[in-house]
A.B. asks: 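Before I ask anything, let me first share the structure, which is written out below as structure tokens.
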Amino acid sequence: MIMDVKAIRDDFPILGRTVYGKPLVYLDNAATTQKPRCVVEAISEAYYSVNANVHRGVHFLSQQATQLHESSRETTRKFINARSTNEIVFTRGTTESINLVASVFAQSQLHQGDEVIVSVMEHHSNIVPWQLQAQHYGFVLKVIPMNDQGELRLDEYQRLFTPRTRLVAVVHVSNVLGTINPIQTIISIAHAHQVPVLVDGAQSVPHLPIDVQALDADFYAFSAHKMYGPTGVGVLYGKEKWLDVLPPYQGGGEMISHVSFKHTTFNELPFKFEAGTPDYIGTHALACAIDYLLHIGMDNIAASEHALAEYATQQLTDIEGLRIFGTSPQKGAVLSFQVGGIHHFDLGTLLDHMGIAVRTGHHCAEPLMRRLGIEGTVRASFAFYNTFSEVDALTDAIRRIVRMF
């Protein structure tokens with residue numbers, strides 16, 4: 001399929017608006033993506049026609065809403081090639097998915113002196129939950145270092161394993177560097193030590209074809225809002241063998257089988273981990289976003305975004321004083337950079353007044369910033385609806401700002 005970018009952009013009304021009198025150039029897709037018309041319409045249509053609480057009702061609307069919710073689980077299962085819908089847990093996003101695993105894994109599998117391996121390029125959401133649990137249970141965090149290109153040191157990674165290593169929690173694609181980590185190799189090394197792996201897939205699922213069975217991931221977490229779906233909805237994939245043995249994350253309705261004041265038994269998978277009323281409208285919208293991505297084609301998306309990132313890299317590196325952080329040959333559509341002595345916040349603010357939306361700061365990755373020896377960067381992140389002319393607009397705007405300084 002040849003992508004018709006103009007037709008695709010027509011599906012995203014927000015891309016036609018102006019900011020400060022300038023056409024919007026939206027390059028903050030790693031933070032959140034814009035939503036196609038079909039996703040927004042799916043939300044309003046579901047509220048207007050089938051809104052009723054799921055699973056517990058015998059009336060028609062409840063049955064219809066339940067069917068939509070559970071068909072969304074099947075759509076998600078197929079999208080990442082999970083073995084069973086029992087392995088698809090709906091959450092509020094990647095952050096809650098990781099917190100869920102950190103909480104229940106620590107509670108049941110970790111003890112004083114045990115070890116969890118993370119990497120230097122993790123988002124705070126894959127660092128802080130483990131720190132919180134480590135303070136309570138007394139286990140230790142060990143960190144995979146990286147080289148100056150922004151690639152994880154697999155030789156050092158292998159040396160981190162000891163008989164006390166219990167879990168590896170690692171990002172698939174860095175939200176700062178764009179590095180696509182060799183996640184299958186990382187998982188294989190861990191499994192050779194009989195250690196399970198949790199993968200933060202927030203920046204990979206929207207851009208790359210993902211097959212959790214081929215990867216052999218034990219847990220895989222991602223968010224709807226970064227893949228053209230609604231906010232407040234996420235997914236935790238977990239191998240059924242792990243979800244079976246781990247305790248519930250929260251208590252309440254839906255996650256129970258029977259309750260008395262003496263004893264409670266828990267529901268079957270995946271409902272054991274889904275306490276309370278789920279965002280059944282949001283999961284329906286997530287399924288619509290998945291269908292939209294599949295219609296375009298994940299391989300087409302990956303190729304389009306790779307071309308954009310390659311072109312942007314060529315254009316930006318011609319700007320005197322501009323430094324790109326993350327130069328691995330295996331990169332996603334993320335460019336983090338600084339320009340001379342211009343503070344990243346100032347550069348981002350000036351770009352904003354030219355209609356160009358980028359992200360500035362530490363990108364919730366302060367340990368990585370310390371490794372790079374900087375306080376923050378400007379980050380431009382691309383989606384399949386971005387264009388080469390938008391890359392030119394970014395480049396021209398930075399050149400103007402450099403001349404101002």
A.B. asks: With Asn126, which residues qualify under side chain to side chain donor-acceptor pair (under 3.5 Å), at least two apart?
C.D. replies: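 Testing Asn126 for side chain to side chain donor-acceptor pair (under 3.5 Å), a comparison that skips the adjacent residues, returns Glu122, Trp130.
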A.B. asks: Applying side chain to side chain donor-acceptor pair (under 3.5 Å), name anything that partners Glu96, two or more places apart in sequence or on another chain.
C.D. replies: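 Glu96 satisfies side chain to side chain donor-acceptor pair (under 3.5 Å) with Arg92 once adjacent residues are dropped.
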A.B. asks: Among residues two or more places apart or on two chains, list those pairs meeting salt bridge (Lys or Arg N to Asp or Glu O under 4.0 Å) that have a residue in residues 134-149.
C.D. replies: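 Applying salt bridge (Lys or Arg N to Asp or Glu O under 4.0 Å) to every pair that reaches into residues 134-149, excluding sequence neighbours, yields Glu115-Lys142, Asp148-Arg371.
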A.B. asks: Just to verify, what does Thr277 make a side chain to side chain donor-acceptor pair (under 3.5 Å) with, not counting sequence neighbours?
C.D. replies: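 For Thr277 the side chain to side chain donor-acceptor pair (under 3.5 Å) partners, ignoring immediate neighbours, are Asn53, Arg56.
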A.B. asks: With salt bridge (Lys or Arg N to Asp or Glu O under 4.0 Å) as the rule and sequence neighbours excluded, what pairs involving residues 14-32 come up?
C.D. replies: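 Residue pairs with at least one partner in residues 14-32: Asp28-Arg359, Asp28-Arg379.
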A.B. asks: Which pairs, with at least one residue in residues 273-289 and sequence neighbours excluded, count as a salt bridge (Lys or Arg N to Asp or Glu O under 4.0 Å)?
C.D. replies: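 Of all non-adjacent pairs touching residues 273-289, those that pass salt bridge (Lys or Arg N to Asp or Glu O under 4.0 Å) are Arg73-Glu274.
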A.B. asks: For Arg323, what residues pass the side chain to side chain donor-acceptor pair (under 3.5 Å) criterion, not counting sequence neighbours?
C.D. replies: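 Arg323: no side chain to side chain donor-acceptor pair (under 3.5 Å) contacts found.
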A.B. asks: Considering only residues two or more places apart or on different chains, which pairs with a residue in residues 326-354 satisfy salt bridge (Lys or Arg N to Asp or Glu O under 4.0 Å)?
C.D. replies: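 Not a single pair qualifies under salt bridge (Lys or Arg N to Asp or Glu O under 4.0 Å).
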A.B. asks: Tell me, please, which residues at least two apart from Arg9 pass side chain to side chain contact (heavy atoms under 4.5 Å, CB included).
C.D. replies: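 For Arg9, the residues satisfying side chain to side chain contact (heavy atoms under 4.5 Å, CB included) (neighbours in sequence not counted) are Val5, Leu15, Tyr385, Thr387, Glu390.
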A.B. asks: Hey, does the side chain of Thr33 reach the backbone of Tyr228 with a donor-acceptor pair shorter than 3.5 angstrom?
C.D. replies: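 Answer holds: yes.
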A.B. asks: Could you measure the distance from the CD atom of Glu240 to the CD atom of Glu87? Nearest 0.5 Å is fine.
C.D. replies: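 Reported to 0.5 Å precision, the distance equals 5.5 Å.
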A.B. asks: Side chain of Gln203, backbone of Ala30: donor and acceptor closer than 3.5 Å?
C.D. replies: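 Yes.
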A.B. asks: Please tabulate, for the side chains in residues 334-345, all donor-acceptor contacts under 3.5 angstrom to protein atoms that are two or more places apart in sequence or on a different chain.
C.D. replies:
| unit_1 | atom_1 | unit_2 | atom_2 | d |
| --- | --- | --- | --- | --- |
| Ser336 | OG | Val176 | O | 2.6 |
| Gln338 | NE2 | Gly376 | O | 2.7 |
| His343 | ND1 | Phe345 | N | 3.0 |

A.B. asks: Any ring pair (Phe, Tyr, Trp, His ring centres under 6.0 Å) involving residues 64-112? Give me the pairs, sequence neighbours left out, ordered by first then second residue.
C.D. replies: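 Output for this query lists His55-His69, His69-Phe90, Phe105-Trp242.
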A.B. asks: Hey, could you give me each pair passing side chain to side chain donor-acceptor pair (under 3.5 Å) that has a residue in residues 97-106? Not counting sequence neighbours.
C.D. replies: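 Residue pairs with at least one partner in residues 97-106: Thr91-Ser97.
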